[in-house]
There are 2 protein chains.
Amino acid sequence: MASSVPVVGRSPHIQEKRQRRQAEILRAAMMAFRSRGYHATTLEDIADRLGVRKTALYHYFPDKDAILFACHQQSLSELSGHLAAARRKYAGATARLRHIILEHVRVMTDSGEESPLAFDIPALSSPLQQQVIEARDRYERSLRRIIAEGVRSGEFRPVDPKIAVFVLLGAINWIARWYQPRGSVDPAALGQQFADQLLGGMSCPPQP
Amino acid sequence: MASSVPVVGRSPHIQEKRQRRQAEILRAAMMAFRSRGYHATTLEDIADRLGVRKTALYHYFPDKDAILFACHQQSLSELSGHLAAARRKYAGATARLRHIILEHVRVMTDSGEESPLAFDIPALSSPLQQQVIEARDRYERSLRRIIAEGVRSGEFRPVDPKIAVFVLLGAINWIARWYQPRGSVDPAALGQQFADQLLGGMSCPPQP
DNA sequence: GCAAAATTTGAACGGTGATTCAAATTTTGC
DNA sequence: GCAAAATTTGAATCACCGTTCAAATTTTGC
C-alpha cells in the first residue's frame, strides 16, 4: 500500500526548498523522457541525473506516473504561455502563428532544457491521461481558431484548420526525434524555415 | 543459451505456410507497436492478436528485437517502393513529392494495416539499429535530392532540403499519433491537404 | 495409418524495475 | 546544542516480461 507523501513543511524556506527539488526532478525527468521515452526511462535514470537514489524521488512524487503527469502539465502550461503572448503582442493570424511556431521550435531545440513533451500521453494512467488530453485539446482548439480566423481574413487560403494544426504540430514535435543540439542545423535558421514553410503552406494556392 | 530457430522446412508448402505466419506476426506486431510503442508492447500483446501463446512467436523469430527489426525493414522497403514508383511515373520534383506524400499518408491512415513504423529506432539493439538507421538515411537523402532538384529547377524556392525533409516527415509521421480510423477526418482529403500544405510551403515566397 | 516434422502449449526461470520500508544522515528552528 | 523534521539510503519485496524448455498437439508427406 503506497504511503502518502509527507505533509509539506510549514516554514516557507522548507517549502521553497521542496519546490526547487520538485522542479529539478521534473527537469531531469523531462530530459530523460525526451531522450528515451517514458517506458524506457527508469526511475534510476532520473535519479542518476540528480545524484541521488531512486527511492528519494518518492519523497516528492507518489509514483512514476505522477512525474510524467507533472511534466505534461508543465509543457502545456508553457505552450499556453506562448499562445497568450501571441495574442497580446500580435494582431493578425499570420503574425500570431509565426510567433507560436518560432517559440515552439525554440523550446524544442533548446539544449537539454525543460521543453514540451511531445509523446507518451498514452503512457499516463487513465484519470491523469484525461486531464492532459483536455489541456492538449484546448491548446489545439486555440490554434485552430487562429487558423480559422486567418482563413476568414484572407491571410490563409481555405484549409481545414483541424488538419492544418496536425501538420503544424507534427512537423514541430518531430524535432524531438531528430534534432541534435550539437548537430549541423542552426536553431535560429531552423525556426525561420519551419515558420516560412508551415505558414507558406497555408497561404499559397495548391500546386497542380 | 538461446536455441537457434529451426531450419526451414524443405517442402514449398511448409515454407509458404511459415512465411504467411511470419507476415501475420509482423502485421500484429506493427499494429501493437504503433498503438503502444515498442517498450509498452509485450509479446503477449502480439500473441493475443494471433490467438496463440507468446512462446509460439519464438518459433518464427529469435527474439523481440528481431520482430521490431523486421517491422522496420518492411516499413522502409514499402517507403522505398513509393520512391521508386515516384521516379518511374513522374518527371518533376513537385509531382514526385506529391505522389510520395499521398502514398505515405495513405499507409499511415490505412485502418490497422501494416504501415510504416515511425518511432522506436532507438529501441533496437545496436547492430540492428545501425542497419535501420542507414536505410532510413538513404530514404531521407533521396527525399532531399528531390527537393534540391526542385530548388534548382525553380519549382521550389531556396529551402534547406535537410530541414524541409524533417518538416515533411514530421508532419506525416505524426499522423500515427492522432489519426483514428473511425474519426471525422476523411483519409483522401487528409492526403490532399497534407500534400497541398507541404508542397505549398516550399513553393511560395515567405510571408512577412 | 503412421512416423517425422512443424507448431503450440504450460511451466518455469532469471532479470528488471516500480515501490515499500526501516534506518541513517542531514537540515532546520528554537 | 539538540530534538524534530526533512531527506536520503540500502535492502528487500513483488509483479511483470522476455526467454527457455520439455511435452503435447497438429500437420505433413509417404
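Under the 3.5 Å distance criterion, with hydrogens and angles disregarded, a donor-acceptor pair is assigned to the side chains of B/E134 and B/Q130.
Side-chain contact check for B/L190 versus B/Y179: some heavy-atom pair is nearer than 4.5 Å. Between A/I25 and A/F61 there is a side-chain heavy-atom pair separated by less than 4.5 Å. Taking 4.5 Å as the limit, some side-chain heavy atom of A/K64 sits within range of a side-chain heavy atom of A/Y38.
The CD-P distance, from A/E16 to D/dA6, rounds to 15 Å in whole Å. Between the OH atom of B/Y58 and the P atom of D/dG18 there is a distance of 7 Å, given to the nearest Å. Distance CD (A/Q15) to P (C/dT28): 14 Å, rounded to an integer number of Å. Separating the CZ atom of A/F61 from the C1' atom of C/dA18 is a distance of 16 Å, rounded to the nearest angstrom. To the nearest angstrom, P of C/dA5 lies 17 Å from OH of B/Y60.
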**Message:** Set out, in order, the CA-CA distance, both residues' side-chain angles and the distance that settles side chain to side chain contact (heavy atoms under 4.5 Å, CB included) for A/F156 and A/L97, then state yes or no.
**Reply:** CA-CA 11 Å; A/F156 300 144; A/L97 263 192; 3.9 Å; yes
Look for any protein N or O under 3.5 Å of an N or O in nucleotides 14-16 of chain C and output each such pair with its distance, or none.
none

Just the atom pairs and distances: protein N or O near nucleotides 10-13 of chain D's N or O, under 3.5 Å.
from	atom 1	to	atom 2	distance (Å)
D/dG10	OP1	A/R53	NH2	3.0
D/dG10	OP2	A/R53	NE	2.0
D/dG10	OP2	A/R53	NH2	2.3
D/dG10	O6	A/T55	OG1	3.1

Protein-nucleotides 25-27 of chain C N/O pairs closer than 3.5 Å?
from	atom 1	to	atom 2	distance (Å)
C/dT27	O3'	A/K17	NZ	3.2

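The CG atom of B/L198 sits 10.0 Å away from atom CD of B/Q193, with the distance rounded to the nearest 0.5 Å. For the atom pair A/E78 CD and A/Q73 CD, the distance stands at 14.0 Å (nearest 0.5 Å).
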Enumerate donor-acceptor pairs with a distance under 3.5 Å from any side-chain N or O in residues 135-146 of chain B to protein atoms, sequence neighbours excluded.
from	atom 1	to	atom 2	distance (Å)
B/S142	OG	B/R138	O	3.1
B/S142	OG	B/R145	NH2	3.4

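Near DNA chain D, defined here as any heavy-atom distance below 4.0 Å, there are no residues from residues 123-131 of chain A.
When every heavy atom of B/A176 is checked against every heavy atom of B/M108, the shortest pair comes out as CB-CE, 3.6 Å.
Nearest to the side-chain atoms of B/L43 among the listed nucleotides D/dG18, C/dT8, D/dT8 stands D/dG18.
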**Canonical and wobble pairing (Watson-Crick, G-U, under 3.5 Å) of DNA chain C, dot-bracket with |** = ||||||||||||||||||||||||||||||
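Between B/W178 and B/F194, the angle of the ring planes stays under 30°, which puts this pair in the parallel group of the 30/60° scheme.
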